[in-house]
Amino acid sequence: MRWLLVILTGLAFLLSACGKTGGGEKIAVVNWDKVLEAHPQYENLHKKQEAYNLLLDRRREQEIIGKTQMSGLAKLQQLKQNSKRSFLSADFMARMSEKQTEEQEKLKQLSNQIADQVDKELAEEEKKMNEHYRLQIFNLRLKLDTVRMMPEQRKKLEAELHAVQAARDQDRMLLAQHKVGIVTQRMQPHVEEVHRQLDAYARQLQAQMLADLKKSAEKDASVFKVAPGALKDVLSTVDQELDRQQQDIESLEASIKKDMESAVIKLAKERQYSVVFYKYHTNISADDITGDVIAILKKQADLSKAANNLSKKVSGSDTPKAN
């Protein structure tokens, strides 16, 4: 039985278990580019390639800027100061965001505590209100359920019941608004105190940032004497990152290619195709298995995801429980 296939661009490679192909051999074609774009990891690969190209462009720009400004240490110094300022500015924003999140969480907890206290303070009032309406609604429903009456009388009682329920809902809403008002009033001093603390913290960080900039500027005189070496070190660091990203991309490409080839081989074995063309430039009679290959890749991705989720659940359930 002849069964397998292809992995060449523009040509087909035939593997045969019984000799050369003859007439009536089963042939298939697959749109390799379409399958690649449909692979579950293609978007991830595309993002990695974009990140690599972006870093490469930045590396080229940095090299040009560094070499251009090498003749003017003053300009190079200013570039470094700008970079330092940008870094410190980003650090300032990150720290302020972290501090704000921390303080907001404290305010949220305090607000919940105050809201619980207000609920307790107004619990009796809320209870009386609910009891007041509960008796009215109960009596009206009792009449509607047990008393025989004319349609006009029933319609009047139903209208009265709806009016009482609407009044109850209105009072509940007003009570809820009253609670919110009390909580807001009691929280106001705490909110203002947090604002004062954040302002003080911002001033402290800004002072520290200015001190760091000054210290950096004072060291530049000696540092920039070895500016060419410094630029080389910076580019070397970027080059190392480029190499790491390139290896990551190549590894992912190899994994994707392996998945695609495995899916094609699987179909070729199952359907006994003698040849599978990835690309062709002439009219041939062949089965297009592009959609089937994509379906296999999707199924494999779903199974892998399900297995990972199951593994996480099993790992979590393996934790011994105390008796």
Side-chain angles (χ1 to χ4, degrees), residues 40-41 43-44 46-48 50-51 54-55 58 80-131 168-217 237 241 244-245 248 301 304-323:
Q41 288 296 320
E43 184 177 355
N44 186 28
H46 184 64
K47 290 180 179 179
K48 288 180 181 293
E50 285 186 338
L54 179 60
L55 182 60
R58 289 180 176 176
K80 181 185 175 182
Q81 286 297 100
N82 290 340
S83 177
K84 179 72 173 180
R85 187 175 288 105
S86 297
F87 171 79
L88 291 175
S89 178
D91 185 57
F92 169 81
M93 295 300 296
R95 292 191 182 188
M96 284 300 302
S97 178
E98 182 179 358
K99 185 68 173 177
Q100 288 173 349
T101 300
E102 178 184 344
E103 295 300 328
Q104 286 173 355
E105 183 61 28
K106 292 179 181 179
L107 286 175
K108 180 180 178 181
Q109 294 177 2
L110 180 59
S111 177
N112 290 336
Q113 293 174 4
I114 293 176
D116 291 340
Q117 182 61 35
V118 172
D119 284 339
K120 293 178 181 179
E121 294 174 2
L122 299 179
E124 188 62 28
E125 179 180 344
E126 186 174 6
K127 180 180 178 182
K128 290 180 180 179
M129 179 191 69
N130 288 331
E131 184 64 20
R168 178 198 60 186
D169 294 341
Q170 178 67 18
D171 284 348
R172 284 179 175 176
M173 184 184 67
L174 292 175
L175 181 60
Q177 292 175 348
H178 180 52
K179 288 180 179 180
V180 171
I182 294 175
V183 173
T184 301
Q185 183 180 15
R186 295 182 184 180
M187 282 294 299
Q188 187 61 31
H190 301 285
V191 173
E192 293 175 354
E193 177 59 25
V194 167
H195 286 165
R196 286 192 292 269
Q197 292 178 3
L198 289 175
D199 288 341
Y201 184 67
R203 290 193 295 270
Q204 176 185 348
L205 289 180
Q206 288 171 346
Q208 186 178 16
M209 182 179 70
L210 292 175
D212 288 345
L213 283 173
K214 183 178 179 181
K215 184 178 180 181
S216 176
T237 301
E241 176 62 18
R244 186 195 67 78
Q245 291 188 14
D248 194 18
S304 177
K305 183 178 179 181
N308 289 336
N309 292 336
L310 180 59
S311 177
K312 292 179 181 178
K313 291 182 179 179
V314 172
S315 299
S317 63
D318 287 342
T319 304
K321 299 181 179 179
N323 293 327

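Keep in mind the model is a prediction, meaning the values are calculated, not measured. All values below come from the heavy atoms of this structure, side chains included, with hydrogens, waters and symmetry mates left out.
Listed by first and then second residue, the side chain to side chain donor-acceptor pair (under 3.5 Å) pairs that reach into residues 174-184 are Asp119-Lys179, Glu126-Lys179, sequence neighbours excluded. Listed by first and then second residue, the side chain to side chain donor-acceptor pair (under 3.5 Å) pairs involving residues 186-197 are Glu121-Arg186, Gln188-Glu192, Glu193-Arg196, Glu193-Gln197 (not counting sequence neighbours).
For Arg58, there are no salt bridge (Lys or Arg N to Asp or Glu O under 4.0 Å) partners, not counting sequence neighbours. Considering only residues two or more places apart in sequence or on other chains, Gln185 meets the side-chain contact (heavy atoms from CB on, under 4.5 Å) condition with none of them. Checked against salt bridge (Lys or Arg N to Asp or Glu O under 4.0 Å), Glu131 has the following partners two or more places apart in sequence or in another chain: Arg134. Every side-chain hydrogen bond (donor to acceptor under 3.5 Å, both in side chains) that Asp248 has, sequence neighbours left out, goes to Lys48. Considering only residues two or more places apart in sequence or on other chains, Gln206 meets the side-chain contact (heavy atoms from CB on, under 4.5 Å) condition with Phe92. Residues passing the salt bridge (Lys or Arg N to Asp or Glu O under 4.0 Å) test with Arg203, sequence neighbours excluded: none. Remark: Asn44 pairs with Gln41 by the side-chain hydrogen bond (donor to acceptor under 3.5 Å, both in side chains) rule, at least two apart or across chains. The side-chain contact (heavy atoms from CB on, under 4.5 Å) test applied to Glu105 returns Lys108, Gln109, not counting sequence neighbours. In this view, Thr237 satisfies the side-chain contact (heavy atoms from CB on, under 4.5 Å) rule with no residue, not counting sequence neighbours. Arg95 meets the salt bridge (Lys or Arg N to Asp or Glu O under 4.0 Å) test with Asp91; sequence neighbours excluded.
Between Gln113 and Gln117, the side chains place no donor N or O within less than 3.5 Å of an acceptor N or O (distance only, hydrogens not considered).
Rounding to the nearest 0.5 angstrom, the gap separating the CD atom in Gln170 from the CG atom in Leu175 is 11.5 Å. Here CD of Glu102 is found 9.5 Å from CG of Leu198. Values are rounded to the nearest 0.5 Å. For the atom pair Glu125 CD and Asn130 CG, the distance stands at 10.5 Å (nearest 0.5 Å). How far CZ of Arg168 is from CE of Met129: 9.0 Å, rounded to the nearest 0.5 Å.
Contact detail for Val183 and Ser111: the closest heavy-atom pair is CG1-OG, 3.8 Å.
At most 12 heavy atoms of other shown residues, nucleotides or ligands fall within 6.0 angstrom of atom CE in Met93.
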Practice task
Could you give me the CA-CA distance, side-chain angles and deciding distance for Glu124 and Lys127, then say whether salt bridge (charged side-chain N to carboxylate O under 4.0 Å, His left out) is met?
Solution key: CA-CA 5 Å; Glu124 188 62 28; Lys127 180 180 178 182; 5.1 Å; no

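Between Leu205 and Gln208 there is a side-chain heavy-atom pair separated by less than 4.5 Å.
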